[in-house]
Amino acid sequence: MLKDKYYNLIKEHGFVNEPIPNNTDLIQEIALLKYAKNAVILGHYYITAELQDISDFLGDSLALSQQAKKTDAEIILFVGVNFMGETAKILNPTKKVIVPDLNAGCSLAESATAETFEAFKVLYPDHKVISYINCSAEIKALSDVIVTSSNAIKIVESFPKNQPLIFAPDKNLGNYINSVTGRKMVLWNGACMVHEKYSLEKILKLMVQHPDVVFIAHPECESQILMVADFIGSTTALLSFVSKSDSNEFIVATESGILHQMQKKCPGKMFIPAPSIDSTCGCNDCSYMKLNTIQKMYLALKHEQPEIILKPEIIEKAKIPILRMLELSI
Ligand code: 13P
Ligand code: SF4
């Protein structure tokens, strides 16, 4: 059966691996498939510029969740990483959610398995669990509320001051929230492999070379980086900050994909990617986000595979803390 053939190709590669004729106009084919199948493309700011430009809706983790929940398209092609596709499926389970490549994981999501996290929770029986959206559906199902970098402080502050809290899986975001709110949340020891690679020394050197530069950073960065930042915020907050700022030069400590939107919104301004410890590693690129390609998007839409499949009981349990987050984000 044709379906079995694709199932095997996905099992082997994580995506449908089929030769595409050289003369295929992929942008046009994607547009036709979207129309024929009533599909919508949701893309995160960290995907490549080419893919951002063909997304129907581009956003940060929070905006994409809100969009996934309200879409009336039959198929959601989620161009980001798996935890985002899972969140879309949890919020809109009757829709078919497909992704270009099932290998698009996340170092934060992978730091916590359901078993290890359950064992961790047992150590703190009176604690409420706040989880960053960058975690698997299973971890969400074990959480009291989900947050993104846009709403984390507001949601943490919605708990009474004397309520003990666990924050997972990002220790850097957790540390940052603790420092802003004065809380002492117990932190899970996870980190983003992109945001933990910035070099303080090289950033400070750049600041000396560009005396008027404004340094902006995502809260997934380590505390010594955040300490010297002029502004800290989610991808959407960073984008809005550079648009409104009177400054013309920025050092940007977050994944490089966002620079495309910054440059588009502010063509006259200069954006310098924050340097990493290792200048040869291309560390500013999230290798998971960059697994998404236009070819894989086309094949995913054509075959409606690979699909995000979650157990109904996980969907039911994980939906509760995500909906709580959406209510608290209004
Ligand atoms: P936001 O989209 O909330 O800014 O988070 C960035 C991120 O790391 C996504 O993986
Ligand atoms: Fe995960 Fe970091 Fe990649 Fe975001 S940038 S998907 S947090 S590994």
Side-chain angles (χ1 to χ4, degrees), residues 42-48 51-52 55 57-68 78-88 99-112 130-136 139-140 146-156 167-174 176-177 188-198 216-222 225-226 229 231-242 252-262 273-274 276 281-292 322 325-326 329:
L42 304 187
H44 189 270
Y45 287 130
Y46 291 168
I47 58 179
T48 60
L51 307 192
Q52 289 184 29
S55 294
F57 185 88
L58 197 63
D60 69 358
S61 309
L62 177 63
L64 289 167
S65 308
Q66 289 162 331
Q67 197 64 27
F78 211 115
V79 191
V81 291
N82 289 342
F83 76 78
M84 297 178 177
E86 288 184 355
T87 307
V99 294
D101 189 331
L102 273 179
N103 297 306
C106 165
S107 65
L108 277 171
E110 280 151 26
S111 73
I130 304 180
S131 292
Y132 189 31
I133 198 163
N134 298 37
C135 65
S136 67
I139 300 299
K140 288 184 174 79
I146 302 303
V147 300
T148 74
S149 47
S150 300
N151 55 26
I153 291 177
K154 184 177 175 193
I155 293 179
V156 168
F167 187 84
D170 187 354
K171 64 175 176 191
N172 292 320
L173 177 60
Y176 170 65
I177 301 168
W188 179 263
N189 189 19
C192 162
M193 63 185 192
V194 176
H195 292 88
E196 70 174 351
K197 295 265 167 58
Y198 293 114
I216 59 174
H218 194 281
E220 286 177 17
C221 293
E222 293 177 315
I225 303 292
L226 295 179
F231 179 76
I232 298 166
S234 67
T235 43
T236 298
L238 296 178
L239 204 50
S240 134
F241 178 83
V242 298
V252 184
T254 193
E255 213 272 356
S256 59
I258 192 73
L259 298 183
H260 177 56
Q261 289 306 313
M262 290 182 171
S276 300
C281 69
C283 301
N284 282 16
D285 286 327
C286 171
S287 52
Y288 292 119
M289 287 280 182
K290 271 30 181 201
L291 286 174
N292 296 297
I322 305 176
M325 167 186 83
L326 294 180
S329 303

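These numbers come from the heavy atoms of this one structure, side chains and all, not from hydrogens, waters or symmetry mates. Atoms within each ligand, like the ligands themselves, are counted from 1 in listed order. Just so you know, residue 1 is the first one in the sequence shown, and it goes up from there.
- For ligand 2 and Cys286, the ligand atoms under 4.0 Å from any heavy atom of the residue are 3 (Fe), 5 (S), 6 (S), 8 (S).
- Using a 4.0 Å cut-off to heavy atoms of Asn134, the atoms of ligand 1 that qualify are 7 (C), 8 (O), 9 (C), 10 (O).
- Nearest non-hydrogen protein atom to atom 2 (O) of ligand 1 is His44 NE2, 2.7 Å.
- At a 4.0 Å heavy-atom cut-off, ligand 1 does not touch Tyr45 at all.
- Side-chain contact check for Val79 versus Pro100: some heavy-atom pair is nearer than 4.5 Å.
- For the pair Ser234 and ligand 1, the shortest N or O to N or O distance does not fall below 3.5 Å.
- A donor-acceptor contact under 3.5 angstrom links the side chains of Thr254 and His195, judged on distance only.
- Within ligand 1, counting atoms from 1 as listed, the ones closer than 4.0 Å to a heavy atom of Met84 are 9 (C), 10 (O).
- Leu259 has its side chain within reach of Val252: a pair of non-hydrogen atoms, C-beta onward, lies under 4.5 Å apart.
- Contact annotation: Cys106 places no N, O or S atom under 2.8 Å from atom 3 (Fe) of ligand 2.
- Within ligand 1, counting atoms from 1 as listed, the ones closer than 4.0 Å to a heavy atom of Ser149 are 1 (P), 3 (O), 4 (O), 5 (O).
- Atom numbering of ligand 1 starts at 1 in the shown order; those under 4.0 Å from a heavy atom of Thr235 are 1 (P), 2 (O), 4 (O).
- Rounded to the nearest 0.5 Å, atoms CG (Asn134) and SG (Cys106) are 4.5 Å apart.
- Here OG of Ser136 is found 11.5 Å from CG of Leu108. Values are rounded to the nearest 0.5 Å.
- Taken from OH in Tyr176 to CD in Glu222, the straight-line distance is 16.0 Å, to the nearest 0.5 Å.
- A 4.5 Å side-chain heavy-atom check between Lys140 and Ser131 finds every atom pair outside the cut-off.
- Contact annotation for Thr254 and ligand 1: no heavy atom of the residue comes within less than 4.0 Å of the ligand.
- In terms of polar-atom proximity, defined here as any N/O pair under 3.5 Å, Thr148 makes no such contact with ligand 1.
- Set against the non-hydrogen atoms of Tyr132, the atoms of ligand 1 under 4.0 Å away are 5 (O).
- Residue His218 has at least one heavy-atom neighbour below 4.0 Å for each of these atoms of ligand 1: 1 (P), 4 (O), 5 (O), 6 (C).
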Ile146 vs Tyr132, side chain to side chain contact (heavy atoms under 4.5 Å, CB included): CA-CA, chis, key distance, verdict: CA-CA 6 Å; Ile146 302 303; Tyr132 189 31; over 6 Å; no
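- Of the possible polar contacts, none joining the Trp188 side chain to the Gly174 backbone as a donor-acceptor pair under 3.5 Å is found.
- Nearest heavy-atom pair across Ala152 and Ile177 is CB-CD1, 3.6 Å.
- For ligand 1, the polar-atom distance check finds an N/O of Glu220 within less than 3.5 Å of one of the ligand's N/O atoms.
- With 2.8 Å as the limit, Cys192 does not count as an N, O or S neighbour of atom 1 (Fe) of ligand 2.
- Using a 4.0 Å cut-off between a side-chain N of Lys or Arg and a carboxylate O of Asp or Glu, Glu255 and Lys290 qualify as a salt bridge.
- Under the 3.5 Å distance criterion, with hydrogens and angles disregarded, no donor-acceptor pair is assigned to the side chains of Thr148 and Asp60.
- Residue-level proximity to ligand 1 for Tyr288 is absent, since no heavy atom of it falls below 4.0 angstrom.
- Of the protein's heavy atoms, Asn134 ND2, 3.1 Å lies nearest to atom 7 (S) of ligand 2.
- Counting the atoms of ligand 2 from 1 in the order shown, those under 4.0 Å from a heavy atom of Leu108 are 7 (S).
- Remark: ligand 1 and His195 share no N or O pair separated by less than 3.5 Å (distance only, no angle test).
- Against a heavy-atom cut-off of under 4.0 Å, Ser107 is close to the following atoms of ligand 2: 8 (S).
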